[in-house]
Amino acid sequence: MTYHRIGHLLLTPADPEAPARVRRLHQLGLGDQAVPAFDTFADRLAEMTGAPYSMVNFIDENRQFFAGLHTPTGTHSGTDLGAVAATSRIGRFLARDHGYCPHVVARRKALVLEDVCDYPRFAGNPVVDEIGIRSYMGAPVIDRRTDLLLGTVCVVDTEPRRWGRAGLETIKAMAGELAELIRRREDGGI
């Protein structure tokens, strides 16, 4: 895995698949607008994991877009997660160098951080100080037709969480379920 560097700091992982992913997301009509079925999916993901926040996240070269979003208050407004955090509202957009989903994309496998502060690489991420994120769990969503990684499903909490094996299995299963939902959507089934 390679990273973009500024001085000695490691930022977000390099993402050579981003242009192909963006083209595929556009073909699917995804990546730049909220999808009510994905909000419902995020609600279910939050319920299954007990997380206060959950997202269906599509990532391009510059930003992340939450096509599905669950928050404790049900608010889905705003444009930038950092900017709206001060008002306790979570928005649909997040800079690509914020959060942990870009690492899931680069790894092409799930990532579980029970307490992000336990990991020097992740503790310095802007979402820790700006939003108060303390734990994260995410899994990649792989396009069944092209094998491209389209994005992630993830959950976060402002408190450290023991997600455990059951949490990991749940997030991975939900990522597979979302990939199937996207396939059916492409086929006109939903």
*Glu47: what forms a side chain to side chain contact (heavy atoms under 4.5 Å, CB included) with it, not counting sequence neighbours?*
none

_Counterpart residues, salt bridge (Lys or Arg N to Asp or Glu O under 4.0 Å), relative to Arg144 (two or more places apart)_ = Glu180

_For a 4.5 angstrom cut-off between non-hydrogen side-chain atoms, does Ile59 reach Pro102?_
yes

*For Thr40, side chain to side chain contact (heavy atoms under 4.5 Å, CB included) partners two or more places apart*: none

*Apply side-chain hydrogen bond (donor to acceptor under 3.5 Å, both in side chains) to Asp118 and list each qualifying residue two or more places apart in sequence or on a separate chain.*
none

*asked:* Within this structure, what is the CG-NE2 distance for the pair Leu45 and His70, rounded to the nearest 0.5 Å?
replied: 9.0 Å

*Who pairs with Asp115 by salt bridge (Lys or Arg N to Asp or Glu O under 4.0 Å), at least two apart in sequence or on another chain?*
Arg134

_Per the ring pair (Phe, Tyr, Trp, His ring centres under 6.0 Å) rule, what does the pair list look like for residues 139-187, sequence neighbours excluded?_
none

Acceptor/donor pairs from residues 61-68 side chains to any protein atom, 3.5 angstrom cut, sequence neighbours excluded:
| from | atom 1 | to | atom 2 | distance (Å) |
| --- | --- | --- | --- | --- |
| Gln64 | OE1 | Asn57 | ND2 | 2.7 |
| Gln64 | NE2 | Ala95 | O | 3.0 |
| Gln64 | NE2 | His98 | O | 2.6 |

*Are side-chain heavy atoms of Leu28 and Arg24 found at a separation under 4.5 Å?*
yes

*Kindly write out the residues that satisfy side chain to side chain contact (heavy atoms under 4.5 Å, CB included) with Glu17, not counting sequence neighbours, or none if the list is empty.*
Asp15, Arg21, Arg108, Leu148, Leu149

*asked:* As a quick check of understanding, evaluate side-chain contact (heavy atoms from CB on, under 4.5 Å) for Leu178 and Phe38, giving each step before the final call.
replied: CA-CA 8 Å; Leu178 183 66; Phe38 293 169; 3.7 Å; yes

*asked:* Can you list everything that forms a side chain to side chain contact (heavy atoms under 4.5 Å, CB included) with Arg162? Sequence neighbours excluded, please.
replied: Glu114

*Can you say whether the rings of Tyr100 and His103 are parallel (under 30°), tilted (30 to 60°) or perpendicular (over 60°)?*
tilted

*Any side-chain heavy atom of Phe122 sitting closer than 4.5 Å to one from Leu111?*
yes

_Counterpart residues, ring pair (Phe, Tyr, Trp, His ring centres under 6.0 Å), relative to Phe58 (two or more places apart)_ = none

*Step by step, work out the side-chain contact (heavy atoms from CB on, under 4.5 Å) result for Arg183 and Asp187.*
CA-CA 6 Å; Arg183 187 196 61 75; Asp187 291 344; 2.6 Å; yes

*asked:* Can you list everything that forms a salt bridge (Lys or Arg N to Asp or Glu O under 4.0 Å) with Arg44? Sequence neighbours excluded, please.
replied: Glu177

*Can you name the nearest heavy-atom pair linking Val104 to Tyr136, along with the distance?*
CG2-OH, 3.3 Å

Check: residues 153-161 side-chain donor-acceptor pairs under 3.5 Å, at least two apart:
| from | atom 1 | to | atom 2 | distance (Å) |
| --- | --- | --- | --- | --- |
| Asp157 | OD1 | Glu159 | N | 3.3 |
| Asp157 | OD2 | Arg161 | NH1 | 3.1 |
| Arg161 | NH1 | Gly50 | O | 3.0 |
| Arg161 | NH2 | Thr49 | O | 2.8 |

